[in-house]
Amino acid sequence: MNVMYFAWVRERIGLPQEVVETDATTVAGLVAALVAREDRYAAAFADISALRVAVDQELADFDAPLAGVREVAFFPPMTGG
Amino acid sequence: MNVMYFAWVRERIGLPQEVVETDATTVAGLVAALVAREDRYAAAFADISALRVAVDQELADFDAPLAGVREVAFFPPMTGG
Amino acid sequence: MQVRVQSDAFDTGAELAEFAQGRHDIGAVVSFTGVVRDTVGDLHHMLIEHYPGMTERAIGGIVDQAVARWALADVLVIHRYGALAPGAPIMMVATAAGHRAEAFAAADFLMDYLKSRAPFWKKEVTRDGASWVAAKDADEQALKRW
Amino acid sequence: MQVRVQSDAFDTGAELAEFAQGRHDIGAVVSFTGVVRDTVGDLHHMLIEHYPGMTERAIGGIVDQAVARWALADVLVIHRYGALAPGAPIMMVATAAGHRAEAFAAADFLMDYLKSRAPFWKKEVTRDGASWVAAKDADEQALKRW
């Protein structure tokens, strides 16, 4: 699955997107798997309440299922307009 | 004093403004004096609740005093914008 | 702050392009344009009558209220009178502020007050005759929001 | 209805001059323009990041909601991304409707949702460094109005 990072999440992790192979069944499971990898992921996901997630380009919750999902994106609250 | 009429008040009375000599001490007194003059005034002032009045270019009530006033205007509710 | 009462046509886009131009301290610009509307398709033109002198005074007072109430960097009001064709801009309001809430609220306020407290009267002239546009109760009610 | 997400600059005045042009069935046009604000005077530029694909989808969904809710004759949304100079327009919204209440409400609604539900992120670059603009609680609260 394609995992994307935006704004300061992208900066902390150090890349805009990557392909992730995972057995995780929910977004929260994916976050746990990423956090376990390296400190930079742990730093980016330290405060999950400061983050938003989109699943296949729709805003979702962290308990959203990953079955059939092609793209997950993590980012801070949006500041458009 | 200068008395002005706008919109359908002007059309009913048949003129945009006139100089009126009056002993009336309030706007309501001025209206009574005008209504006593001719039918066209009576027609214009038939329903006072449908009219608004400005005294020296400020919106006022019908019981507003006329002492020192130079200009009174009668018109229907405004439809600007 | 600028108020213009005129019979000449104006170009909303050109006015807005000029408005608050080159200012770096504003974050939000809101504009409203009122247009001659011909719902049924029988409108020949709209006639707008006004009360010279009182018009400028009334609009100035309404703008002063808006400026006292919200932190506005600039305000523009243009209102036409005379004969206007269907589709023509009747009037416009523009507000500039630091943030969007102020710019929106001030423009909305200005419109509510210009609608019911600035001495303009509209008459619709169709092929079949002419009639004065009646003020709406809703417009008078709208003033109570502020 | 038109949505454009672009790095190119746009001219609010020119866009508004084109918008709903020649239509005789509308009475009210409201526009909002968001401008790069430099309050302190130290801003070099603003960087706007976005999520291509999701951005268009999110804005389209927000416009659909507005169209479902108010009787709108037309809607325009333009939002830039990339590096923007102080004073430059970031984005604009325009709404056209029969009456002012609908045009104002729809523009206000679109702005509240674009602010917090369209995937854009702003970073301010000053001489001293760069920092991401934090979302405001008030912006999230504003959504509850609708």
Side-chain angles (χ1 to χ4, degrees), chain B residues 1-20 22 26-28 30-31 34 39-81, chain C residues 3 5 32-37 46-62 77-81 84 89-93 107-125 129-143:
Chain B
M1 132 187 14
N2 195 34
V3 180
M4 307 179 77
Y5 311 108
F6 291 95
W8 58 255
V9 182
R10 171 180 58 69
E11 291 178 340
R12 284 194 198 169
I13 292 177
L15 77 178
Q17 57 182 299
E18 60 186 322
V19 174
V20 175
T22 181
T26 65
V27 170
L30 170 62
V31 170
L34 292 168
D39 282 354
R40 57 198 171 106
Y41 290 97
F45 291 106
D47 178 10
I48 213 85
S49 74
L51 292 182
R52 300 291 178 270
V53 61
V55 171
D56 283 342
Q57 303 191 354
E58 296 278 359
L59 281 174
D61 294 320
F62 281 83
D63 58 3
L66 292 183
V69 165
R70 301 196 300 187
E71 187 169 294
V72 176
F74 296 100
F75 41 78
M78 296 164 269
T79 52
Chain C
V3 173
V5 180
F32 175 91
T33 309
V35 179
V36 178
R37 190 179 176 216
M46 176 174 276
L47 268 177
I48 299 181
E49 184 169 334
H50 79 122
Y51 182 171
M54 179 171 167
T55 308
E56 290 78 1
R57 182 194 287 237
I59 298 177
I62 293 167
V77 177
I78 304 175
H79 204 303
R80 293 183 67 189
Y81 58 87
L84 281 73
I90 300 170
M91 53 83 63
M92 75 175 283
V93 154
D108 208 357
F109 169 91
L110 288 167
M111 284 311 306
D112 278 353
Y113 272 82
L114 290 171
K115 201 92 188 170
S116 304
R117 291 291 182 270
F120 292 97
W121 300 274
K122 295 188 181 117
K123 190 178 198 176
E124 289 178 337
V125 182
S131 60
W132 292 99
V133 174
K136 293 182 202 149
D137 286 343
D139 287 333
E140 193 64 31
Q141 291 300 320
L143 300 184

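Each chain gets a letter, A, B and so on, in the order its sequence line appears, and its residues count up from 1.
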Could you walk me through whether Leu59(B) and Met54(C) satisfy the side chain to side chain contact (heavy atoms under 4.5 Å, CB included) test, starting with their C-alpha distance in whole Å, then the side-chain angles of each, then the deciding distance to 0.1 Å, before giving a yes or no? CA-CA 10 Å; Leu59(B) 281 174; Met54(C) 179 171 167; 4.1 Å; yes

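The two residues Met78(B) and Arg117(C) come nearest to each other via the heavy atoms SD-C, 3.7 Å.
The number of heavy-atom neighbours closer than 6.0 Å to CG of Asp47(B), taken from other residues, nucleotides and ligands shown, is above 12.
The candidate with the highest count of non-hydrogen atom pairs below 4.5 Å against chain B, out of Lys115(C), Met91(C), Met111(C), is Lys115(C).
Among Phe120(C), Trp132(C), Trp121(C), the one residue that satisfies the side chain to side chain contact (heavy atoms under 4.5 Å, CB included) test with Thr79(B) is Trp121(C).
Heavy atoms closer than 4.5 Å to chain B are found nowhere in Ala58(C), neither backbone nor side chain. Interface remark: Lys123(C) contributes side-chain atoms only to the contact with chain B (heavy atom separation under 4.5 Å). With a 4.5 Å cut-off on non-hydrogen atoms, Arg52(B) does not touch chain C at all.
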